[in-house]
Amino acid sequence: MKTSIAIIGAGIAGITLARALAPSADVTIFEKSRGLGGRMANRRREDFAFDHGAQYFTARSPAFRSVAEDAVQAGHAGTWPRAVLTLTETGLAPDSRPAERRYIGLPGMSGFANGMAEGLHIRKEAAVAALEPAKDGWSVTDSEGQDLGRFDVVISTAPAPQTIRLMPEAFSGHAAMKTVKLSGCFTLMIGLDASLDLGFEAARIEDDVLSWIAIEASKPGRPERMALTIHSRNDWAEANLERDRSEVQTEMLAALKRLLGYDFSNATWLDLHRWRYANVEKAVGEPFLFDDALGLGACGDWCLGNRVEAAVGSATALSELLTKRLQGA
Ligand SMILES: Cc1cc2nc3c(=O)[nH]c(=O)nc-3n(C[C@H](O)[C@H](O)[C@H](O)COP(=O)(O)OP(=O)(O)OC[C@H]3O[C@@H](n4cnc5c(N)ncnc54)[C@H](O)[C@@H]3O)c2cc1C
């Protein structure tokens with residue numbers, strides 16, 4: 001009988017891991033949300049589309065570049081933006097960083113994860129709440145106490161503070177996970193009736209409050225309706241995480257007015273998303289955590305750094321170890 005493996009989380013790390021292990025093990029992913037992709041997220045509201053998490057990703061390793069290019073061929077990914085400008089109160093400055101191929105999911109950011117997840121066994125809306133020792137393995141239960149099954153090996157790809165809460169005390173990775181620091185982010189989503197030429201597709205923002213702005217309609221595969229996605233700075237989000245949402249929104253709109261000269265407070269669509277864990281400020285510094293004696297492990301961006309490619313690198317490294325273990329078993 002094949003080894004049974006439960007993977008917690010259908011973000012890009014969980015999907016990468018499951019794809020690599022599926023040929024040699026019996027793999028199930030549990031995802032608490034309705035959709036896949038985790039922080040590679042998008043939403044559609046009233047014909048406006050927003051990628052409210054990751055904005056684009058790079059693929060510097062040859063292996064991941066080949067995955068990204070396959071996704072482009074399959075129609076699950078495209079490239080965007082042509083340039084990333086810098087926006088300050090004094091205006092726009094050109095992209096000074098070296099040209100690099102930047103990828104986005106199609107038709108929304110999660111399209112990349114959805115494409116990679118084809119054929120995998122995924123249970124959505126299944127929030128893992130507890131792992132209990134069971135005969136030669138782990139019994140997994142959800143937040144309502146329902147039994148999700150027994151597995152030989154369990155791997156969590158949830159952000160470190162959430163993985164800490166899931167893993168039993170005996171897990172050898174606790175000390176390393178406690179050193180991880182993640183910061184939050186607020187994402188402001190603005191939908192407009194009229195189109196607007198701001199002179200860029202995407203811009204990094206140098207400001208005390210905001211860090212990024214994207215014009216959604218400039219991306220391939222998105223609706224033409226004018227939609228803007230704006231990220232706060234991570235340090236500003238950390239300082240304002242528990243503040244009233246409408247105050248946060250008002251302050252982000254005021255910063256935008258200062259930078260662009262437009263008041264969007266009466267826009268057709270306005271929405272704010274709070275990311276409790278967005279950016280990895282301090283990573284573990286090891287590609288993954290695995291407790292061979294317990295058959296428990298963890299991976300994700302927070303092991304190696306921030307960004308999509310760190311999550312993929314972490315999951316790939318763990319999949320290589322687990323594949324060797326499966327072959328030796
Ligand atoms: C606002 C923002 C902007 C970003 N910008 C960029 C960017 O421009 N470029 C870039 O490369 N990266 C960017 N990132 C970072 C990038 O999104 C992440 O590095 C990457 O998506 C992390 O993938 P992951 O699989 O490790 O984690 P996640 O995507 O967080 O996946 C973890 C999954 O686990 C699920 N989960 C958690 N707990 C449980 C549970 N108990 N039971 C079941 N499921 C559970 C979650 O729902 C989630 O789907 C950004 C992130 C944010 C939030």
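Start at 1 and go down the list; that is how both ligands and their atoms are numbered.
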- Ser211 (side chain) donor-acceptor with Ser232 (main chain) under 3.5 angstrom: yes
- Subset of ligand 1 atoms that lie under 4.0 Å from at least one heavy atom of Gly9: 33 (C), 34 (O), 35 (C), 44 (N)
- For Ala126, take its heavy atoms, then give the atoms of ligand 1 lying under 4.0 Å from any of them. 42 (N), 43 (C)
- Message: Show, in sequence, the C-alpha distance, side-chain angles and deciding distance for Phe290 and Ile155, and conclude whether the side-chain contact (heavy atoms from CB on, under 4.5 Å) test is met.
- Response: CA-CA 8 Å; Phe290 188 67; Ile155 308 293; 4.0 Å; yes
- Message: For the 3.5 Å polar cut-off, considering only N or O atoms, please tell me whether Ile12 and ligand 1 meet it.
- Response: yes
- Message: Just to confirm my output: which protein heavy-atom neighbour is closest to atom 27 (O) of ligand 1, and how far is it?
- Response: Arg39 NH2, 3.2 Å
- Heavy-atom distance to atom 15 (C) of ligand 1: which of Glu309, His273, Lys124, Arg307 wins? Arg307
- Message: I'd like to know if Ala310 contacts ligand 1, where contact means a heavy-atom distance under 4.0 Å to any ligand atom.
- Response: no
- Determine, for Arg222 against Asp47, whether the closest basic-nitrogen to carboxylate-oxygen distance falls under 4.0 angstrom. no
- Query: Does any N or O atom in Val128 lie less than 3.5 angstrom from one in ligand 1, N or O only?
  - Reply: yes
- Query: Identify the closest protein heavy atom to atom 31 (O) of ligand 1: which residue and atom is it, and at what distance?
  - Reply: Gly11 CA, 3.5 Å
- Proximal atoms of ligand 1 relative to Gln55 (non-hydrogen, under 4.0 Å): 5 (N), 6 (C), 7 (C), 8 (O)
- Please report which non-hydrogen protein atom sits nearest to atom 49 (O) of ligand 1, along with the residue it belongs to and the distance in Å to one decimal place. Glu31 OE1, 2.6 Å
- Query: Between Arg225 and Glu216, does at least one N-O distance fall below 4.0 Å, as a salt bridge requires?
  - Reply: no
- Query: Can you name the nearest heavy-atom pair linking Gly108 to Asn42, along with the distance?
  - Reply: C-OD1, 3.4 Å
- Looking only at protein heavy atoms, what sits closest to atom 32 (C) of ligand 1 is Thr157 O, 3.5 Å
- Message: Under 4.0 Å between a side-chain nitrogen and a carboxylate oxygen: does that hold for Arg233 and Asp235?
- Response: yes
- Message: Check Arg258 with Glu89, please: is the shortest side-chain N to carboxylate O separation under 4.0 Å?
- Response: yes
- Polar contact flag for Asn306 and ligand 1 (N/O pairs, less than 3.5 Å): no
- Item | Nitrogen or oxygen atoms of Val308 and ligand 1 under 3.5 Å apart | yes
- Protein heavy-atom partner closest to atom 25 (O) of ligand 1 - residue, atom, separation in Å: Ala13 N, 2.9 Å
- Message: Quick test: of every protein heavy atom, which one is nearest to atom 1 (C) of ligand 1, and how far off is it to 0.1 Å?
- Response: His231 CE1, 3.4 Å
- Could you check which of Lys32, His52, Arg123 puts a non-hydrogen atom nearest to atom 45 (C) of ligand 1? Lys32
- Query: Are the side chain of His174 and the backbone of Pro168 linked by a donor-acceptor contact shorter than 3.5 Å?
  - Reply: yes
- Message: Show me which atoms of ligand 1 lie under 4.0 Å from any heavy atom of Trp275.
- Response: 1 (C), 53 (C)
- Task: Return the residue, atom name and 0.1 Å-rounded distance of the protein heavy atom closest to atom 3 (C) of ligand 1.
- Result: Gly53 O, 3.3 Å
- Task: Start with the C-alpha distance between His231 and Trp275, add both sets of side-chain angles, then the distance that settles ring-ring contact (aromatic ring centres under 6.0 Å, His included), and finish with yes or no.
- Result: CA-CA 10 Å; His231 288 326; Trp275 294 97; 8.2 Å; no
- Message: If the cut-off is 4.0 Å to any non-hydrogen atom of Gln162, which atoms of ligand 1 fall inside it?
- Response: 37 (C), 38 (N)
- Check ligand 1 against Tyr56 and write out every atom of the ligand that is under 4.0 Å from a heavy-atom position of the residue. 7 (C), 8 (O), 9 (N), 10 (C), 11 (O)
- Message: Quick check with a 6.0 Å cut-off and a 45 degree axis cone: is Arg274 positioned over the face of Phe186's six-membered ring?
- Response: no
- Query: Charged N to carboxylate O below 4.0 Å: is that the case for Glu201 and Arg82?
  - Reply: yes
- Task: Apply ring-ring contact (aromatic ring centres under 6.0 Å, His included) to the pair Phe64 and Tyr103, showing each step before the final yes or no.
- Result: CA-CA 11 Å; Phe64 186 42; Tyr103 299 90; 7.6 Å; no
- Item | Salt bridge present between Arg150 and Asp136 (N-O < 4.0 angstrom) | no
- Geometric N/O contact Tyr277 with ligand 1, under 3.5 angstrom: no
- Query: Between the side chain of Glu247 and the main-chain N/O of Arg243, is any donor-acceptor distance below 3.5 Å?
  - Reply: no
- Task: Using a strict 4.0 Å cut-off to heavy atoms of Ser33, name the atoms of ligand 1 that fall inside it.
- Result: 47 (O)
- Message: Among all protein heavy atoms in this structure, tell me which lies nearest to atom 19 (O) of ligand 1, with the distance rounded to 0.1 Å.
- Response: Asp301 OD2, 2.7 Å
- Query: If Ile, Leu, Val, Met, Phe, Trp and Tyr residues are connected whenever their side-chain heavy atoms lie under 4.5 Å apart, and connections chain through other members, are Val284 and Ile8 in the same group?
  - Reply: yes
- Message: Using a 3.5 Å cut-off on N or O atoms only, is Thr187 in polar contact with ligand 1?
- Response: no
- Task: Give the atoms of ligand 1, by number and element, whose distance to some non-hydrogen atom of Ala278 is under 4.0 Å.
- Result: 51 (C), 53 (C)
- How does Ala54 reach ligand 1, by side chain, by backbone, by both or by neither, if only non-hydrogen atoms under 4.0 Å count? both
